[in-house]
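Quick caveat: nothing in here was measured; it's all calculated off a predicted structure. Chain naming here is simple, since letters A, B, ... match the order of the sequence lines and numbering starts at 1 in each.
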Number of protein chains: 2
Amino acid sequence: MAARPTDTKESILRLGMEFIQTYGYHSFSYADIAKELKIKNAAVHYHFPGKEDLLAEIVEQYIQRYHELARSLEKPGISSRQKIQAFINRYTALCEHGKICLIGSVGSDYNTLPEKAKVKLTELVKLVLGLVEKVLREGKKKGELTFSESARIKSILIMTNLAAGVQLARITGQQDYTAICNSLMKQLTG
Amino acid sequence: MAARPTDTKESILRLGMEFIQTYGYHSFSYADIAKELKIKNAAVHYHFPGKEDLLAEIVEQYIQRYHELARSLEKPGISSRQKIQAFINRYTALCEHGKICLIGSVGSDYNTLPEKAKVKLTELVKLVLGLVEKVLREGKKKGELTFSESARIKSILIMTNLAAGVQLARITGQQDYTAICNSLMKQLTG
DNA sequence: CTGAAAACTTACTAAGTAGTAAGTTTTTTG
DNA sequence: CAAAAAACTTACTACTTAGTAAGTTTTCAG
């Protein structure tokens, strides 16, 4: 029935990610996934025995995507400004679909998460902050970016602006999010 | 059995607020509240027929607290710096108890909220942003605060830093949140 | 002190949750 | 093509969820 062996598993991951970013980890069930993919409940359990396994793999997938982003930004000829813009663009894409950042979604459920997910989430946050910090540090050195805080603190400020910004966009409208992005780029590139 | 008539209702509200800020709206049940207060499940339903009624009143209570904060800051002799600090202190108090901001918690569940709660949440966000914006505008006029963005945008930036900051504190530790606060005050009061 | 209203408890329902065991179909591989 | 492994379905369990109806206790006002 499935076209290729890994199709179903990938579809579950994709849909799980979408549900988490749209509704939150505790607001979707295996039945929701099964219904959408026109498979049975137990088929989801076949690929991901427990919901915590699914969550852990979703966070892991997100981690891998950020590693890919990091690699793609290592290619020569990309300005620091473009690198920051590429980071911002990820949030903008979410925002346009009414989704929020995985970190923001799962982060607000932090105290109810299984240990495995907590660990992976911490890893993800450190990865993202490290990525932005590196871009900021290099950009400042090259004279392409300006900011008065340490690269570490500035990366936290930018990430929190964006993560909370996409959430705010669902409540008060997208123009606030757009204003955040414009302001951030203006601060950094003068 | 209850000492005073309104005690139970107030306790439910208090506990509901605590649960939302600690675990999230979808991660606590009426049974959790009943157990903690040593009453029966149906007693909670007596005061709040549906969970959405409870949520709406919790958000409303939060709104009233911000109105109180706004009034208390209207008294003469409070510097703009102190007003901003008072706002930040609210988040710091949450952070120290491992809680997150109500807006951040409920906001990440936005798409699953009953309409009544969505409306109240929007009202709350506008109230908070308006409060900070006013303080910023007046502080700039008096020469007590410095920032290059519009008061509106700056209020959004500050609020998103704090709201996401308290969430981040649960994941990577409180020192990141402290750094955010220090940085915000330094930016504004230079 | 008494009646009425408020604040509960008891006992239940219907629906949804994650999860499992056992059997069936499909796909792959030697 | 046949055996085996992978990918499912069927059918079920045990538990939790919000929510309700009816009866009981407590509080309070006249």
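A cation-pi arrangement, defined by a distance under 6.0 Å to the six-membered ring centre and an angle within 45 degrees of its axis, is absent between K40(A) and Y46(A). Cation-pi geometry between K140(B) and F147(B) is met: the NZ or CZ atom falls under 6.0 Å from the ring centre, inside 45° of the normal.
For A43(A), the listed nucleotide lying nearest its side chain is dC8(D); candidates were dA6(C), dC8(D), dA18(D). Among the nucleotides dT9(D), dA7(D), dG19(D), the one closest to any side-chain atom of K51(B) is dG19(D). Comparing dT17(D), dT9(D), dT17(C) against the side chain of I39(A) picks out dT9(D) as the nearest. For S29(A), counting side-chain heavy atoms from C-beta on, the closest listed nucleotide (dA18(C), dT10(C), dC8(D)) is dA18(C). Distances from the side chain of H45(B) to the nucleotides dG19(D), dC8(D), dA6(C) place dG19(D) closest. Comparing dT17(C), dA6(C), dC8(D) by their closest approach to the side chain of Y46(B) singles out dA6(C). In the set dT9(D), dT17(C), dG19(C), dG19(C) carries the atom at the smallest distance from any side-chain atom of N41(A). The side chain of A42(B) lies closest to dA11(C), out of dA7(C), dA11(C), dT17(D). Checked against dT10(C), dC8(D), dC8(C), the side chain of H47(A) finds its nearest nucleotide in dC8(D).
Atom CD in E52(A) sits roughly 12 Å away from atom C1' in dG19(C) (whole-Å rounding). Separating the CD1 atom of I33(B) from the C1' atom of dT17(D) is a distance of 13 Å, rounded to the nearest angstrom. Atom NZ in K40(B) sits roughly 20 Å away from atom C1' in dA6(C) (whole-Å rounding). The distance between atom OH of Y30(A) and atom C1' of dT9(D), rounded to the nearest whole Å, is 17 Å. A straight line from NZ of K35(B) to P of dC15(D) spans 15 Å, rounded to a whole angstrom. In this entry the distance linking NZ of K9(B) with P of dC8(C) reads 11 Å, nearest Å. Rounded to an integer number of Å, the gap from F48(A) CZ to dT20(C) P is 15 Å. Separating the CG atom of L37(A) from the C1' atom of dC8(D) is a distance of 13 Å, rounded to the nearest angstrom.
Linking ILVMFWY residues whenever their side-chain heavy atoms come closer than 4.5 Å, directly or via other members, places L113(A) and I171(B) in the same cluster.
Residue contacts shown for F28(B) are limited to sugar-phosphate atoms, with no base heavy atom under 4.0 Å away.
Here the closest non-hydrogen pair linking N41(A) and A34(A) is N-CB, 3.7 Å.
Residue T8(B) places at least one side-chain N or O closer than 4.0 Å to OP1 or OP2 of dC8(C).
Between the side chains of Q61(A) and E57(A), no donor-acceptor pair of N or O atoms lies under 3.5 Å.
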